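Notes follow the structure.
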Amino acid sequence: MSDEALIVLDKVNKYFGPLHVLQDVDLSVARGEVVVVIGPSGSGKSTLCRAINRLEPINSGTITFDGRPLPAEGRSLARLRSEVGMVFQSFNLFAHKTILQNVMLGPLKVRKEKPAEVRERAMSLLDRVGIGNQAEKYPAQLSGGQQQRVAIARALAMQPKAMLFDEPTSALDPEMVGEVLDVMTSLAREGMTMVVVTHEMGFARHAANRVVFMADGQLVESAPPAEFFANPKSDRAKDFLSKILTH
Ligand SMILES: Nc1ncnc2c1ncn2[C@@H]1O[C@H](COP(=O)(O)OP(=O)(O)O)[C@@H](O)[C@H]1O
Ligand SMILES: [Mg+2]
């Protein structure tokens, strides 16, 4: 991890009509840092992620990525989207394309890269997430855990500078959660800058550099995991932890 910030949010505000979903959010993510975002449902975690790659425009404040303000449109927005990989709860793979085609699509269509190079990179990414032998199958032939690993490989195929994960394991059967978290943990160890919204506290403890706790659109606490879990400062964080850690 370096001291230089890759992602900087400064006094970010976002409204949905009268609902103030991001309230003066300040957050700086260093290169190579892994930030886990936790908090109750509706606290603004997904909106925060979506704001970082500009799937949601913000109302005030600034977000900079790699030293530049987020572009509003056009080619520079397309470039930002390819530099910030995003993995959602739902895998959103193309059903009528093979696993390999799904992973190759972005680099071919958005980046206009050479097919042979893209294919080689896609295959090595599929190997890395443990599904190289499934490359010619279609998404429906794979388990949820395997599909989510394809979605991670697909994002990595664009050679992003950062990866955002929004509850990547929430839709999975319990026995498949581990295989996805393992891929994310190795990505973290390899130095990828990551913002991860998750309820998997084991991942937060072992893979995160920092845990950020959100409630009602505010960033309430930010601390290294050991410190946060041992000694949450706010009542809301204590209350949240008591609810999720007791079942
Ligand atoms: N597109 C939208 N239009 C209106 N309200 C929204 C929209 N997306 C999210 N919200 C509201 O904004 C708040 C924060 O949502 P979200 O960021 O999804 O929270 P979280 O991911 O922490 O559960 C919630 O009250 C949610 O209902
Ligand atoms: Mg959410």
Side-chain angles (χ1 to χ4, degrees), residues 7-29 34-63 65 70 72-73 77 80-81 84-93 144-145 147-148 151-152 155 162-174 176-177 180-181 184 194-204 207-208 210-223 225 228-229 232-245 247:
I7 306 168
V8 182
L9 286 80
D10 185 27
K11 292 223 170 357
V12 168
N13 285 281
K14 167 74 184 176
Y15 296 82
F16 286 116
L19 202 60
H20 196 177
V21 289
L22 295 179
Q23 304 183 17
D24 280 335
V25 170
D26 291 328
L27 177 67
S28 181
V29 181
V34 177
V35 174
V36 163
V37 181
I38 66 173
S41 178
S43 56
K45 306 179 298 295
S46 293
T47 307
L48 178 77
C49 279
R50 293 168 60 81
I52 292 172
N53 72 351
R54 220 177 184 286
L55 289 170
E56 290 291 353
I58 56 175
N59 296 99
S60 69
T62 57
I63 303 178
F65 182 79
L70 293 194
E73 55 189 17
L77 179 59
L80 171 81
R81 295 262 166 81
V84 185
M86 182 125 189
V87 175
F88 302 92
Q89 185 174 325
S90 54
F91 330 120
N92 301 319
L93 299 174
Q147 290 187 58
Q148 191 60 303
I152 294 171
M163 289 280 287
L164 309 177
F165 293 86
D166 189 1
E167 300 200 26
T169 60
S170 296
L172 299 177
D173 291 332
M176 290 166 192
V177 169
V180 172
L181 293 178
M184 293 166 60
M194 294 165 59
V195 175
V196 182
V197 178
T198 186
H199 300 295
E200 295 294 332
M201 295 301 124
F203 178 82
R210 189 150 53 105
V211 173
V212 159
F213 175 71
M214 282 188 80
D216 293 333
Q218 292 171 349
L219 211 151
V220 178
E221 288 192 41
S222 170
F228 177 78
F229 289 113
K233 294 196 172 56
S234 63
D235 287 342
R236 283 152 124 184
K238 285 177 195 164
D239 181 55
F240 179 74
L241 286 178
S242 73
K243 282 179 181 141
I244 58 162
L245 296 177
H247 66 170

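Along the sequence shown, residues are numbered consecutively beginning with 1. Both ligands and their constituent atoms are indexed starting at 1 by order of listing. The model shown is predicted, which means the values in this text are computed figures rather than measured ones. Side chains included, hydrogens not; waters and symmetry mates left out as well; all remaining heavy atoms used.
At a threshold of 4.5 Å between non-hydrogen side-chain atoms, the residues S170 and F88 do not count as touching. T47 places a side-chain heavy atom less than 4.5 Å from the side chain of F16. Counting only heavy atoms from C-beta outward, the side chains of H20 and N59 never approach each other to under 4.5 Å. Counting heavy atoms from C-beta outward, Q148 and T169 have side chains that stay 4.5 Å or more apart. By the 4.5 Å heavy-atom criterion applied to side chains, D26 and D10 are counted as neighbours. With contacts defined as side-chain heavy-atom distances shorter than 4.5 Å, the pair K14/V25 does not qualify. At a threshold of 4.5 Å between non-hydrogen side-chain atoms, the residues L48 and L22 count as touching.
Contacts of T47 with ligand 1, taken as heavy-atom pairs under 4.0 Å, involve both backbone and side chain.
Nearest to atom 22 (O) of ligand 1 among the protein's heavy atoms is K45 NZ, 2.8 Å. In this structure, atom 13 (C) of ligand 1 lies nearest to the protein heavy atom V21 CG1, 3.2 Å. Closest to atom 26 (C) of ligand 1, if we only count protein heavy atoms, is L19 CD2, 4.5 Å. Scanning the protein for heavy atoms near atom 23 (O) of ligand 1, the closest one is G42 N, 2.7 Å. Of all protein heavy atoms, the one closest to atom 1 (N) of ligand 1 is F16 CE2, 3.5 Å.
Considering only non-hydrogen atoms, atom 18 (O) of ligand 1 lies nearest to S46 out of S46, G44, G17.
With ligand atoms numbered from 1 in the order given, ligand 1 contributes 19 (O), 20 (P), 22 (O) to contacts under 4.0 Å with heavy atoms of S43. Per-residue contacts place P40 under 4.0 angstrom from the following atoms of ligand 1 (heavy atoms of the residue considered): 22 (O).
Taking backbone and side-chain atoms together, Q89 has no N/O/S atom less than 2.8 Å away from the Mg ion (ligand 2).
Heavy atoms only, all atoms of each residue included: F213 and G39 are closest at CE1-CA, 3.8 Å.
Between G217 and ligand 1 there is no heavy-atom distance shorter than 4.0 Å.
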